Amino acid sequence: MSDFQRLPSLESPSKPPGPGRGHLRTLSNLSSDGLMEPDLGCPSQQQLSILPSSHPRDLSHHVGDIEEDAPDPTQTQPRPRSSWRHKFSHPQSFERRAIGRWEAGLRRHWCFVWVSQHAWVVVAIVFLGLVLCAAVPGIQLLLDANAKKSPPAPAASADAAAPPAVALMVVGDWGREGGENQTHCAAAMAAMATKLRIELDTVTRANGSNKGGGYLGVVSTGDNFYPDGIVSLANFSAFHRSFLDVYTAPSMANLTWHAVMGNHDYHGDVNAQVSRQLAQLAAVGNGSRWDALTGGYREFSGAGGRTGRASTVAGSEVGASAGVLGICFVDTNPWVAHYRAHPKKYNMSRLVNGVGKGDGAAAGLWAAWETAELAALERCLHASNATWRIVVGHHPILSYSKHHGSQPELSGVREVIERLGAVAYLNGHDHNLQHVMAAARVAAPGSAAPSAVHYITSGAGSQVRDDVDGSMADAAVAGERAGSLKFAHGTTPGFVVLRATHGVLRITFHSTPTGALLHTEVIPRAGQ
């Protein structure tokens, strides 16, 4: 007999449970008087009424046309038994407890309630997920196709963020005994030197090189001492007032200045300015802060400082090591016809003995001098093994300034620079900052076309002129393959910074009073 058949009667404890397995009697169980005897083992209507109508154990739908057993009002209802069999087998107790726990559990799971109240959100999320799943393969195919069409980024882009092996600040037309904004520009350069020292992650040694790090120095593009250069070996006052007494910040105190001559320097004694005696006045430790020259080569590398020693432009004297950056310094003053015509003012008799003794003789002598200078520049560029080769002179080859502008007499120098593939030409003379990109030279049949050269003007070390005209029809610019003026600034003093590694050369332009960045040019190494 099943547990349901052995349940005690809830109606009358004196009657035994009726036969049959169900809680309702069938027609075959009718008594002789036609009345259905109550099945004491099944719940009454009163007990059924407490069950939820939707519960699966609701038995009311089984009744049909059969009458339900009526409870006996004369009988006393027994208290429910508390045995484990009663708790887990009695229909009323089991179903009420199960339903209660089920509903309480649902109420505790807030996420189920939220989902049931926001079904449209769930549907939208599912729909979007399906759309994305379908679209991702197509997007990936499109990206793959674009990757095949676009060339990979140059490897130098990663090197651009690396610490520089060589850092050089480039300034020109500065020596005014601290006046006309020279001290302001000096302060901005000192702030930049502090920043560059951090980038190089080293402490500069007294001779300008750096133990365990890169090289930090200064390049001067000429007009170092206004108005008339260094007067003589007996008079170095301008050197003190315009150099030693101005660039005194700790970050600048032991940096070496590599300087070419400007036209104002030729008003004085050029031999005195490039002399060993002047360098000794700026001696620091085993080196000097002053390295002036009328022509020569300097090569710079990373750890260990300069690899090339001071030398002339003769190829046999150029350092053979593969440095990061090599500079050929050129004295552009003797190239200018106006200076040749006034030899007493510009003191050029030391270059050509026949100057001032007859135009015919002088012309022949100058032609021979030019040939020798171009040959020396070619040897310098050929012999340099540095990754980046740069030429520095005082006068501009390409400039859009109205006051001076391009120097047409330097066309031969330009031809050598572009034919031999120097990356840049740095100059002063125009009192502003400019970046001109030369138009590509038409190569001769059978020869390789040189890369375009960056022409950088940095002559804003003190006095400035805001006289750049990008639309100017300058004869040298227009006639000698006009360049593209990429940047110009002439309202405040400023300077240029070169940061170089073997992989990339970065050229930046800065202004006073804080060294704010004005313009940037990043040049990756060819083939990367």
Side-chain angles (χ1 to χ4, degrees), residues 170 172-173 219-223 259-266 270 293-297 313 327-342 346 348 351-352 362-363 365-381 389-432 434-442 450-459 468 472-485:
V170 183
D173 303 81
V219 170
S220 172
T221 58
D223 275 358
V260 295
M261 300 297 103
N263 54 294
H264 282 271
D265 299 311
Y266 263 88
V270 173
L293 59 164
T294 55
Y297 179 79
V313 294
I327 299 179
C328 293
F329 291 87
V330 176
D331 188 357
T332 59
N333 294 279
W335 288 89
V336 181
H338 174 72
Y339 304 160
R340 294 179 182 180
H342 299 83
Y346 292 98
M348 291 189 179
L351 299 176
V352 177
L365 293 172
W366 278 121
W369 179 89
E370 291 176 2
T371 301
E373 287 296 303
L374 293 178
L377 178 59
E378 286 198 32
R379 289 196 304 269
C380 182
L381 291 173
R389 295 177 300 166
I390 293 174
V391 178
V392 174
H394 178 64
H395 294 82
I397 292 177
L398 287 181
S399 169
Y400 284 84
S401 288
K402 297 177 182 179
H403 187 73
H404 292 305
S406 302
Q407 204 72 47
E409 297 96 328
L410 297 177
S411 59
V413 176
R414 177 181 182 181
E415 190 277 332
V416 173
I417 291 173
E418 296 186 356
R419 175 165 50 85
L420 297 184
V423 67
Y425 174 78
L426 311 178
N427 64 268
H429 199 49
D430 281 324
H431 294 182
N432 50 50
Q434 293 183 60
H435 178 199
V436 179
M437 191 74 180
R441 173 185 290 273
V442 178
S451 58
V453 177
H454 299 263
Y455 290 91
I456 308 298
T457 295
S458 181
V468 174
M472 181 177 58
D474 185 278
V477 174
E480 295 288 338
R481 301 175 311 283
S484 172
L485 180 63

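This structure is a prediction, so every number in the text was calculated from the model and none was measured.
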For H395, ring-ring contact (aromatic ring centres under 6.0 Å, His included) partners two or more places apart: Y339, H429
Non-neighbouring partners of H264 that pass ring-ring contact (aromatic ring centres under 6.0 Å, His included), sequence neighbours left out: Y226, H267
Rounded to the nearest 0.5 Å, how far does [atom2] of [Y] lie from [atom1] of [X]?
X    : Y    : atom1 : atom2 : answer
Q407 : D430 : CD    : CG    : 9.0 Å
L410 : I417 : CG    : CD1   : 8.5 Å
Y455 : S484 : OH    : OG    : 13.5 Å

Set of side-chain contact (heavy atoms from CB on, under 4.5 Å) partners for [X], sequence neighbours left out:
X    : value
N427 : P396, Y425, T457
V330 : T332, L377, V391
S220 : W174, N224, W257, A259

Passing candidate, side chain to side chain contact (heavy atoms under 4.5 Å, CB included) with H394, options D173, L426, V336: D173
Residues in salt bridge (charged side-chain N to carboxylate O under 4.0 Å, His left out) contact with E409, at least two apart in sequence or another chain: none
Least distance between heavy atoms, V170 atom then S458 atom: O-OG, 2.8 Å
A452 versus M437, closest heavy-atom pair with distance: CB-CE, 3.6 Å
Are any of the side-chain heavy atoms of [X] and [Y] separated by less than 4.5 Å?
X    : Y    : answer
V468 : L485 : yes
H404 : S399 : no
L398 : R414 : yes

Donor-acceptor contact present, side-chain N333 to main-chain M261, <3.5 Å: yes
Main-chain N/O of V260 paired with D331 side-chain donor or acceptor, under 3.5 Å: no
Stepwise side-chain contact (heavy atoms from CB on, under 4.5 Å) check, L374 with V413: CA-CA 7 Å; L374 293 178; V413 176; 4.1 Å; yes
Ring-ring centroid check W335 W366, cutoff 6.0 Å: no
Whether Y346 and H342 hold their rings parallel, tilted or perpendicular, with breakpoints at 30° and 60°: perpendicular
